[in-house]
Trainee: 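Handing you this structure, nothing more for now.
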Amino acid sequence: MAKAKLSDEVKTYIVQALACFDSPSVVAAAVKKEFGVDVSHDPNKKAASGLAPKWKALFGETRKTFLEDTATIAISHRAVRLRALQRMAEKAEIQSNMVLAASLLKQAAEEVGNAYTNRRELTGKDGKDLPVAVSPVTIFQLPDNDKS
């Protein structure tokens with residue numbers, strides 16, 4: 001049985017999805033849903049062997065752009081994460097799942113408090129120096145060993 005030839009639109013979709021780290025099974029399901037086309041994949045075959053240079057170039061460009069441009073990924077923005085946490089917390093509360101609701105509230109508080117960033121304040125208020133903690137110093141008196 002001969003394989004049906006895929007249109008360039010479907011091929012472009014597949015190449016770009018794979019370049020964005022979607023798994024082959026996720027891509028196959030998305031192609032079926034989006035285009036109504038069944039594409040199968042065999043994880044034991046080397047898929048890129050004999051791939052046309054234009055598809056390799058598209059893959060490379062898409063992968064590079066994807067890795068450099070996280071701004072297009074909604075969840076990379078704090079406001080999007082907080083809105084999602086808000087929806088989940090409300091749903092958990094409606095379902096009387098107070099443990100989950102409390103956990104989501106804690107996660108939202110940590111999100112707002114920069115717990116999920118590697119930013120640390122290295123200066124005091126308004127850019128001034130941080131206060132230096134001074135601890136009391138204990139002075140020890142050494143015994144007098146000189147018995148002359």
Side-chain angles (χ1 to χ4, degrees), residues 1-140:
M1 181 154 114
K3 288 186 179 180
K5 185 172 175 162
L6 298 176
S7 70
D8 278 355
E9 181 183 14
V10 174
K11 289 179 185 178
T12 299
Y13 184 90
I14 292 170
V15 168
Q16 289 178 328
L18 291 172
C20 292
F21 298 99
D22 288 349
S23 70
S25 57
V26 168
V27 174
V31 168
K32 171 84 172 168
K33 182 179 178 186
E34 189 76 22
F35 299 99
V37 176
D38 269 325
V39 290
S40 62
H41 70 284
D42 182 351
N44 299 320
K45 291 185 179 177
K46 192 172 180 180
S49 64
L51 195 61
K54 78 175 189 176
W55 300 118
K56 288 181 182 179
L58 177 63
F59 181 92
E61 291 168 19
T62 304
R63 172 70 55 95
K64 182 176 184 252
T65 301
F66 179 78
L67 291 173
E68 291 173 353
D69 190 14
T70 58
T72 60
I73 301 172
I75 202 165
S76 70
H77 301 284
R78 180 184 296 174
V80 172
R81 293 189 301 270
L82 286 171
R83 286 185 69 206
L85 287 169
Q86 173 74 38
R87 288 190 304 270
M88 289 186 272
E90 288 172 356
K91 186 173 183 180
E93 197 169 343
I94 288 169
Q95 295 175 343
S96 298
N97 189 344
M98 295 306 148
V99 173
L100 177 58
S103 171
L104 292 166
L105 291 172
K106 179 182 180 214
Q107 186 174 346
E110 290 171 343
E111 180 73 53
V112 172
N114 287 331
Y116 296 119
T117 67
N118 61 357
R119 295 182 200 168
R120 300 291 178 249
E121 185 68 36
L122 300 176
T123 61
K125 186 175 180 182
D126 300 324
K128 295 181 180 160
D129 290 337
L130 288 171
V132 178
V134 179
S135 59
V137 177
T138 306
I139 299 176
F140 295 99

Trainee: Just verifying a value: how many Å separate R87 CZ and L104 CG, rounded to the nearest 0.5 Å?
Mentor: 12.0 Å
Trainee: With sequence neighbours excluded, tell me which residues meet side-chain contact (heavy atoms from CB on, under 4.5 Å) with D8.
Mentor: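 For D8 the side-chain contact (heavy atoms from CB on, under 4.5 Å) partners, ignoring immediate neighbours, are K11, K54, W55.
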Trainee: Could you measure the distance from the CG atom of L85 to the CD atom of E111? Nearest 0.5 Å is fine.
Mentor: 7.0 Å
Trainee: What verdict does the side chain to side chain contact (heavy atoms under 4.5 Å, CB included) test give for K32 and V39, after you've listed the backbone C-alpha separation in whole Å, the side-chain angles of each residue and the deciding distance to 0.1 Å?
Mentor: CA-CA 7 Å; K32 171 84 172 168; V39 290; over 6 Å; no
Trainee: Quick one: closest heavy-atom pair of I75 and R81, and the distance?
Mentor: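 Smallest interatomic distance, heavy atoms only, reads O-NH1, 2.8 Å.
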Trainee: For V10, enumerate each residue passing the side-chain contact (heavy atoms from CB on, under 4.5 Å) test, keeping only those at least two apart in sequence or located in another chain.
Mentor: L6, S7, I14, V31, F35
Trainee: In chain order, what residues pass the salt bridge (Lys or Arg N to Asp or Glu O under 4.0 Å) check against E68, with sequence neighbours excluded?
Mentor: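 So E68 forms a salt bridge (Lys or Arg N to Asp or Glu O under 4.0 Å) with K64.
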Trainee: Just jot down the side chain to side chain donor-acceptor pair (under 3.5 Å) partners of Q86, sequence neighbours excluded, or say none.
Mentor: E90
Trainee: Of all residues at least two apart in sequence or in a different chain, which pass the side-chain contact (heavy atoms from CB on, under 4.5 Å) check with I94?
Mentor: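 For I94, no residue satisfies side-chain contact (heavy atoms from CB on, under 4.5 Å) once neighbours in sequence are set aside.
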Trainee: D69: what forms a salt bridge (Lys or Arg N to Asp or Glu O under 4.0 Å) with it, not counting sequence neighbours?
Mentor: none
Trainee: Could you note down all residue pairs passing ring pair (Phe, Tyr, Trp, His ring centres under 6.0 Å) where residues 63-89 supplies at least one of them, sequence neighbours left out?
Mentor: F21-F66
Trainee: Listed by chain and number, what are the side-chain contact (heavy atoms from CB on, under 4.5 Å) partners of A19, not counting sequence neighbours?
Mentor: F59, T62, R63
Trainee: Compare every heavy atom of A17 with every heavy atom of V27, then report the nearest pair and how far apart it is.
Mentor: CG2-CB, 3.6 Å
Trainee: Measure the spacing between CE of M98 and CG of L100 and express it to the nearest 0.5 Å.
Mentor: 10.0 Å
Trainee: Could you give all pairs that pass the side-chain hydrogen bond (donor to acceptor under 3.5 Å, both in side chains) test and reach residues 91-104, with sequence neighbours left out?
Mentor: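 Residue pairs passing side-chain hydrogen bond (donor to acceptor under 3.5 Å, both in side chains), neighbours aside: none found.
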Trainee: Check A92 against A101 and note the closest heavy-atom contact, atom names and distance.
Mentor: CB-N, 3.9 Å
Trainee: Taking all non-hydrogen atoms of both residues, which atom of R78 and which atom of V112 are closest, and how far apart?
Mentor: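 Shortest heavy-atom contact: NH1-O, 3.9 Å.
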